[in-house]
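Heads up, the thing below is written out as structure tokens.
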Amino acid sequence: MAIVIVGGHSRSVGKTSTVAEIISAFPQYRWTAVKITQYGHGICSANGNECDCATPDHSWAVTEEHDRSGESDTSRFLVAGAEKVYWVRTRQGLLAEAMPRIRQLIAGAGNIIFESNSLMKFVRPDLYLSLLDFDNPDFKSSAREFLDRADAFLCQGSSGEPAWDAVSLRLIHQKPQFRIAPPPYVTPEVAGFIGSRLLAIATK
């Protein structure tokens with residue numbers, strides 16, 4: 001079983017597209033895909049807009065996706081070829097409360113891919129990819145916290161040094177970097193790297 005986590009330093013850097021492209025590029029792994037959304041004060045952490053993520057009666061909720069229209073992020077995972085897809089919604093800072101249910105999903109799945117940064121606090125994946133946009137000055141605290149645990153960075157934007165505050169560029173330069181100009185996010189070079197890691201996991 002492989003556990004893959006795809007994160008990113010800010011909103012709208014292509015996390016959902018990357019997950020969908022990985023699923024499509026490696027259908028033989030029969031993925032279970034999970035998107036984790038944190039919310040607070042009626043604002044979605046995924047895009048900063050008003051949203052209906054909130055769960056009024058509980059601090060978290062898990063919903064299985066069945067829609068194949070491709071209109072939502074989780075629906076895109078199904079269209080890409082995932083066998084099962086779940087949407088985990090949790091209030092800001094309360095992801096820990098949803099972890100028993102998430103661990104059930106992991107235990108019952110074969111290969112699982114998550115869209116999340118914060119999950120790194122609770123799960124040690126076999127592969128953690130972080131998307132970086134050098135032209136976007138925002139840098140989530142969750143992405144900064146786990147920067148040193150990334151196995152590779154998918155970098156877009158200008159080729160110069162990004163002007164991020166309190167971010168160690170040394171940590172970024174120490175890991176494999178793949179320059180991308182989306183679409184696609186999963187270039188042949190990225191696919192080759194992911195494929196080699198998945199093969200190594202499968203043959204352990």
Side-chain angles (χ1 to χ4, degrees), residues 2-27 29-56 58-92 94-95 98-99 101-102 105-106 109-123 125 127-133 136 138 140 142-143 146 150 153-154 156 180 182-187 190-191 194:
I3 299 177
V4 177
I5 294 181
V6 175
H9 78 94
S10 185
R11 304 181 183 106
S12 304
V13 294
K15 296 185 294 294
T16 298
S17 294
T18 301
V19 171
E21 289 182 22
I22 291 172
I23 293 168
S24 179
F26 300 95
Y29 287 90
R30 304 177 66 179
W31 298 101
T32 292
V34 181
K35 179 182 177 69
I36 295 178
T37 301
Q38 297 191 69
Y39 61 85
H41 308 294
I43 300 298
C44 183
S45 66
N47 55 27
N49 298 326
E50 292 185 5
C51 69
D52 57 359
C53 300
T55 57
H58 304 281
S59 61
W60 61 272
V62 177
T63 306
E64 183 173 357
E65 180 65 84
H66 298 287
D67 176 31
R68 294 182 177 272
S69 68
E71 295 181 359
S72 67
D73 290 351
T74 46
S75 178
R76 288 173 61 189
F77 297 161
L78 275 180
V79 173
E83 294 203 345
K84 285 188 176 294
V85 177
Y86 298 93
W87 183 26
V88 178
R89 294 166 288 160
T90 172
R91 293 177 186 167
Q92 290 281 2
L94 295 181
L95 179 58
M99 283 311 302
R101 178 65 178 118
I102 292 173
L105 297 180
I106 294 174
N111 300 296
I112 189 160
I113 185 166
F114 290 94
E115 179 187 331
S116 173
N117 283 317
S118 299
L119 190 67
M120 291 292 294
K121 185 176 295 184
F122 306 99
V123 174
L127 178 62
Y128 174 41
L129 302 173
S130 182
L131 285 113
L132 304 176
D133 183 348
N136 185 339
D138 178 52
K140 288 182 178 181
S142 59
F146 304 112
F153 297 101
L154 278 56
Q156 57 188 296
I180 58 175
Y185 290 85
V186 179
T187 63
V190 173
I194 295 172

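Residues Glu21 and Pro184 approach most closely at OE1-CB, 3.6 Å, considering heavy atoms. Shown here for Ala80 and Ala20, the closest heavy-atom pair between the two residues is CB-O, 3.3 Å. In plain terms, the two heavy atoms of His9 and Asn136 that are nearest each other are CE1-O, 3.3 Å. Considering every non-hydrogen atom in both Gly8 and Ser130, the closest pair reads CA-OG, 4.2 Å. Across all their heavy atoms, Tyr128 and Gly7 have their closest contact at CE1-N, 3.9 Å.
At least one side-chain heavy atom of Thr32 sits less than 4.5 Å from a side-chain heavy atom of Tyr86. Residues Leu95 and Ile102 meet the side-chain proximity criterion, which asks for heavy atoms closer than 4.5 Å.
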- Message: For Val62 and Leu105: C-alpha separation, side-chain torsions, deciding distance, then whether side-chain contact (heavy atoms from CB on, under 4.5 Å) applies.
- Response: CA-CA 10 Å; Val62 177; Leu105 297 180; 4.3 Å; yes
- Message: Could you walk me through whether Leu154 and Thr187 satisfy the side-chain contact (heavy atoms from CB on, under 4.5 Å) test, starting with their C-alpha distance in whole Å, then the side-chain angles of each, then the deciding distance to 0.1 Å, before giving a yes or no?
- Response: CA-CA 10 Å; Leu154 278 56; Thr187 63; over 6 Å; no
- side-chain contact (heavy atoms from CB on, under 4.5 Å) assessment of Arg91 paired with Trp60: CA-CA 6 Å; Arg91 293 177 186 167; Trp60 61 272; over 6 Å; no
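With hydrogens and angles ignored, the 3.5 Å screen pairs a side-chain donor or acceptor of Gln156 with a backbone N or O of Val13. Side chain of Asn111 to backbone of Arg30: no donor-acceptor contact under 3.5 angstrom is found. Side chain of Lys35 to main chain of Arg89: no donor-acceptor pair is present (N/O by atom type, distance under 3.5 Å, no hydrogens or angles).
Partners of Arg101 by salt bridge (Lys or Arg N to Asp or Glu O under 4.0 Å), not counting sequence neighbours: none found. With sequence neighbours left out, the side chain to side chain donor-acceptor pair (under 3.5 Å) criterion links Arg68 to no other residue. Evaluation of the ring pair (Phe, Tyr, Trp, His ring centres under 6.0 Å) rule for Tyr29 yields Trp31 as partners, not counting sequence neighbours.
Annotation: the span from Thr74 atom OG1 to Asp67 atom CG amounts to 8.0 Å, rounded to 0.5 Å. To the nearest 0.5 Å, atoms NZ (Lys15) and OG (Ser10) are separated by 7.0 Å. Of the inter-residue distances, the one linking Leu119 atom CG with Thr90 atom OG1 reads 11.0 Å to the nearest 0.5 angstrom. Interatomic distance, OG of Ser142 versus CE of Met120, reported as 11.0 Å (0.5 Å rounding). Note that CZ of Phe146 is 5.5 Å distant from NZ of Lys121, once rounded to the nearest 0.5 Å. The CD1 atom of Ile3 lies 7.0 Å from the CD1 atom of Ile112; values are rounded to the nearest 0.5 Å.
The one candidate from Thr16, Ile23, Ile22 that meets the side-chain contact (heavy atoms from CB on, under 4.5 Å) condition with Val19 is Ile23. Checked against Ser116 for a side-chain contact (heavy atoms from CB on, under 4.5 Å), the options Thr37, Ile36, Val6, Val123 give a single hit: Ile36.
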